[in-house]
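Working notes for the structure below.
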Number of protein chains: 2
Amino acid sequence: MQFTKAEEYGMQGVLHLADKGKDEVTPLSEISEARDIPEKFLAKIFQSLSRSGILRSHRGVRGGFTLAKPPGDITVKDVLEAIQGPYHLTKCIPDPDSCARSASCAMRELLVTAEERLLEVFVKHTLEDVVHMERSMSAPPSEKPNP
Amino acid sequence: MQFTKAEEYGMQGVLHLADKGKDEVTPLSEISEARDIPEKFLAKIFQSLSRSGILRSHRGVRGGFTLAKPPGDITVKDVLEAIQGPYHLTKCIPDPDSCARSASCAMRELLVTAEERLLEVFVKHTLEDVVHMERSMSAPPSEKPNP
DNA sequence: TTCTTCGGCCTTGGTGAATTGCATATGGAC
DNA sequence: GTCCATATGCAATTCACCAAGGCCGAAGAA
């Protein structure tokens, strides 16, 4: 798997909202410009996120999007799955019947484990965490690690 | 990322060789039939694996392929990378310059971590391990977990 | 009513995966 | 030395999906 543009853009867009606070309604045009994302594409992605209950949309003048929940209650995995659907390294993981060999396939076992390790990272971090990381990375060069 | 057929077939093929022992020369036709893999496709995959020093090829009558090293010296990651090249969740991980935002991108940090967790699993297991797992899974129903 | 913004649908171009085919090189068997 | 099985290399095909853009309709605030 590679991350798709949709996931990349979607995360950026959601982080933009999380950074501004839960209740500030923000139009696509602003996010699109600020994060350099094709507006129509972002619109499509945000539709999925609205339907999944992660975002709330507001139509009409001064409309836009807000987070539907506090940033601390939304994990990175929530966002990614809302965009792409459940992530699996192979088809045989969610659907063992897709391969005749599944029952005795050692590789499948290994892939299940690998997938778990990967997803753990996405479950463990909420949007709040990521926004905090982002702020601390861009703002203060408080210390020089290597003078 | 999804695992590709090439990776899937390549692993199956290599495991077939590992299961037979390091020095038994086996032609594509046998592997292809035993594991239900398109022969020409497997040929292409095995070319990469030969060039990477994981397999050794033997031409002519009674030719075929063998492992170039003992199964305990080849990790799952070795095989996968020989087939697909280095695995990365996004382009910006190996090549930070591909995105202007890389230096202060929190998502990138998260992805680096996730990728590490994933690859750890593949580095930790050798072909020998996987063959052992495979044997213990298919052969003896020594105990019934749920009578 | 009017203007702004999201919603849904349809189209397009591009890229890469997954094969298949054909011609060539190699080396063991006889 | 000839022959045949086998790998090697290159080309072409098919198909699906990603990425993006366009158009028009629906909703809602001013």
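Note that the structure is predicted; figures quoted are calculated from it, not measured. Residue numbers begin at 1 in each chain, while the letters A, B, ... track the order of the sequences.
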Next item on the list: Indicate the atoms forming the closest heavy-atom contact of A/Ile83 with A/Met11, along with that distance.
Entry: CD1-N, 4.5 Å
Next item on the list: Evaluate whether atom CD of B/Glu33 has more than 12 neighbouring non-hydrogen atoms of other residues, nucleotides or ligands under 6.0 angstrom away.
Entry: no
Checklist line | A/Asp78 versus A/Ile54, closest heavy-atom pair with distance | finding: O-CD1, 3.4 Å
Checklist line | Lys/Arg-Asp/Glu bridge criterion (N-O < 4.0 Å) met for A/Lys20, A/Glu30 | finding: yes
Notebook entry, point to check: Base, sugar-phosphate, or nothing: which does B/Arg51 touch, judged by heavy atoms less than 4.0 Å apart?
Noted result: sugar-phosphate
Next item on the list: Could you list where the contact with chain B starts and ends along DNA chain C, reading 5' to 3', using a 4.0 Å heavy-atom cut-off?
Entry: C/dA18 to C/dG28
Next item on the list: Only counting residues at least two apart or in another chain, list the ones meeting side chain to side chain donor-acceptor pair (under 3.5 Å) with B/His58.
Entry: B/Thr66
For nucleotides 14-17 of chain D, tabulate all protein N/O to nucleotide N/O atom pairs closer than 3.5 Å, reporting atom names and distance.
none

Note to self: What is the distance, to the nearest angstrom, from the CG atom on B/Leu49 to the P atom on D/dT8?
What the structure shows: 11 Å
Margin query: Which residues pass the side chain to side chain donor-acceptor pair (under 3.5 Å) test with A/Arg59, not counting sequence neighbours?
Written below: none
Checklist line | Under-4.0 Å salt bridge between B/Asp19 and B/Arg135 | finding: yes
Next item on the list: For A/Phe46, answer base if it contacts any base atom (sugar-phosphate contacts may also be present), sugar-phosphate if it contacts only those atoms, and nothing otherwise; contact means non-hydrogen atoms under 4.0 Å.
Entry: nothing
Margin query: B/Pro71 and side chain to side chain contact (heavy atoms under 4.5 Å, CB included): which single residue from B/Leu127, B/Val130, B/Leu15 fits?
Written below: B/Leu127
Margin query: Show the nearest heavy-atom pair for residues A/Ala106 and B/Glu134, with the distance to one decimal.
Written below: CB-N, 3.7 Å
Next item on the list: For DNA chain D, find the residues of residues 16-43 of chain A with a heavy-atom distance under 4.0 Å and give them by number; none if there aren't any.
Entry: A/Pro38, A/Lys40, A/Phe41
Next item on the list: Using atom CG of B/Leu55 as one end and atom P of D/dT6 as the other, report the distance to the nearest whole Å.
Entry: 17 Å
Note to self: It should be established whether A/Tyr9 places a side-chain nitrogen or oxygen under 4.0 Å from OP1 or OP2 of nucleotide D/dA20.
What the structure shows: yes
Next item on the list: Using only heavy-atom distances, decide whether a donor-acceptor pair under 3.5 angstrom links the side-chain of A/Arg59 to the base of D/dA26.
Entry: yes
Notebook entry, point to check: Is there a side-chain contact between A/Arg117 and B/Leu118, using heavy atoms and a 4.5 Å cut-off?
Noted result: no
Check: OP1, OP2 of D/dG9 versus side-chain N and O of B/Gln47: anything below 4.0 Å?
Finding: yes
Item checked: For B/Arg51, side chain to side chain donor-acceptor pair (under 3.5 Å) partners two or more places apart -> none
Check: Which residue lies toward the 5' end of DNA chain C, A/Lys44 or A/His58, if each is placed at its nearest nucleotide?
Finding: A/His58
